[in-house]
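Positions are given from 1, in the same order as the sequence printed here.
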Amino acid sequence: MAHTLAITKIEDVTHDVRQFTFEKPEGFKFTPGQAAEVGIDRDGWRDAGNPFTFTALPEWDELQFTIKIYPEYDGLTEQIGTLKVGDSFIVGEPWGTIEYKGKGTFIAGGAGVTPFIAILRMLRERGELSGHRLIFANKREADIILRDEFDAMPGLETIHVLSEEDKSGFEHGLVDKAMLERLVGNTSQHFYVCGPDPMIESVNDALKQLGADPDALVFEE
């Protein structure tokens, strides 16, 4: 069942990422890490069917998406970038395979961090962030989504990796086997991986080579 839900708030998160808060239907349920197929209430875009992850927590009174806008492409996110308060998303039923299974390391590339936002917020609310790590890869410092929020999460070890800038306080390069071996150490833990498909494949391969249990790798298949 699809729901037509009006936007109540829009906030800029980075130069190309926006946070959309919108109505929550009565009885709507999801778990942190889940997504939904989304369109917008405009001719030609109601059945767009792009997946976006909920970044609100289930107990909130409203829903939320955190979306990277691509104005250079003639697609759904370009259209979403023109939305205003009062416009509407068309949201399908929740689904998804990124589910919290226990303590471990979250490895995200760019907008691939979005499935982890609600999971980390959930752990923060429970006071259970200690022992978790976030390795967050971006091209430039300006691209980091919700940096202040992640950096302030009590107990979460946050490591920022930049591929196109070499700056003090940041790792530099790509999240490859050598970097993972240096940053992660113990591979007897859960690993949550999300980002561009080539990154997911290379990170998962590297983790398995380093001794991670394939069943402990959590990613969208």
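- With salt bridges taken as basic N to acidic carboxylate O contacts below 4.0 Å, one links D151 and R147.
- Atom CD of residue E23 and atom OG of residue S88 lie 7.0 Å apart, to the nearest 0.5 angstrom.
- A salt bridge links R46 with D41; the closest basic N to acidic carboxylate O contact falls under 4.0 Å.
- Put simply, CZ on F106 and CD1 on I117 are 12.0 Å apart, with the number rounded to the nearest 0.5 Å.
- For the side chain to side chain donor-acceptor pair (under 3.5 Å) test with R140, the passing option among E165, H15, E164 is E164; the others fail.
- K167 has a carboxylate O that lies under 4.0 Å from a charged side-chain N of E141, or vice versa, which qualifies the two as a salt bridge.
- Using a cut-off of 4.0 Å between Lys/Arg side-chain N and Asp/Glu carboxylate O, K9 and E62 are scored as not salt-bridged.
- Residues L5 and I90 form no side-chain contact, since every pair of their non-hydrogen atoms from C-beta on lies 4.5 Å or further apart.
- Here the side chain of E78 pairs no donor or acceptor atom with the backbone of I69 at under 3.5 angstrom.
- For F219 and Y192, the distance between ring centers is not under 6.0 angstrom.
- Residues F54 and F28 bring their aromatic ring centres within 6.0 Å.
- By the 4.5 Å heavy-atom criterion applied to side chains, I98 and I119 are counted as neighbours.
- With rounding to the nearest 0.5 Å, the separation of CD1 in I40 from CD in Q79 is 5.0 Å.
- Taking the ring centroids of F65 and F89, they lie under the 6.0 Å cut-off.
- Taking a cutoff of 4.0 Å between a charged side-chain nitrogen and a carboxylate oxygen, K29 and E93 do not qualify as a salt bridge.
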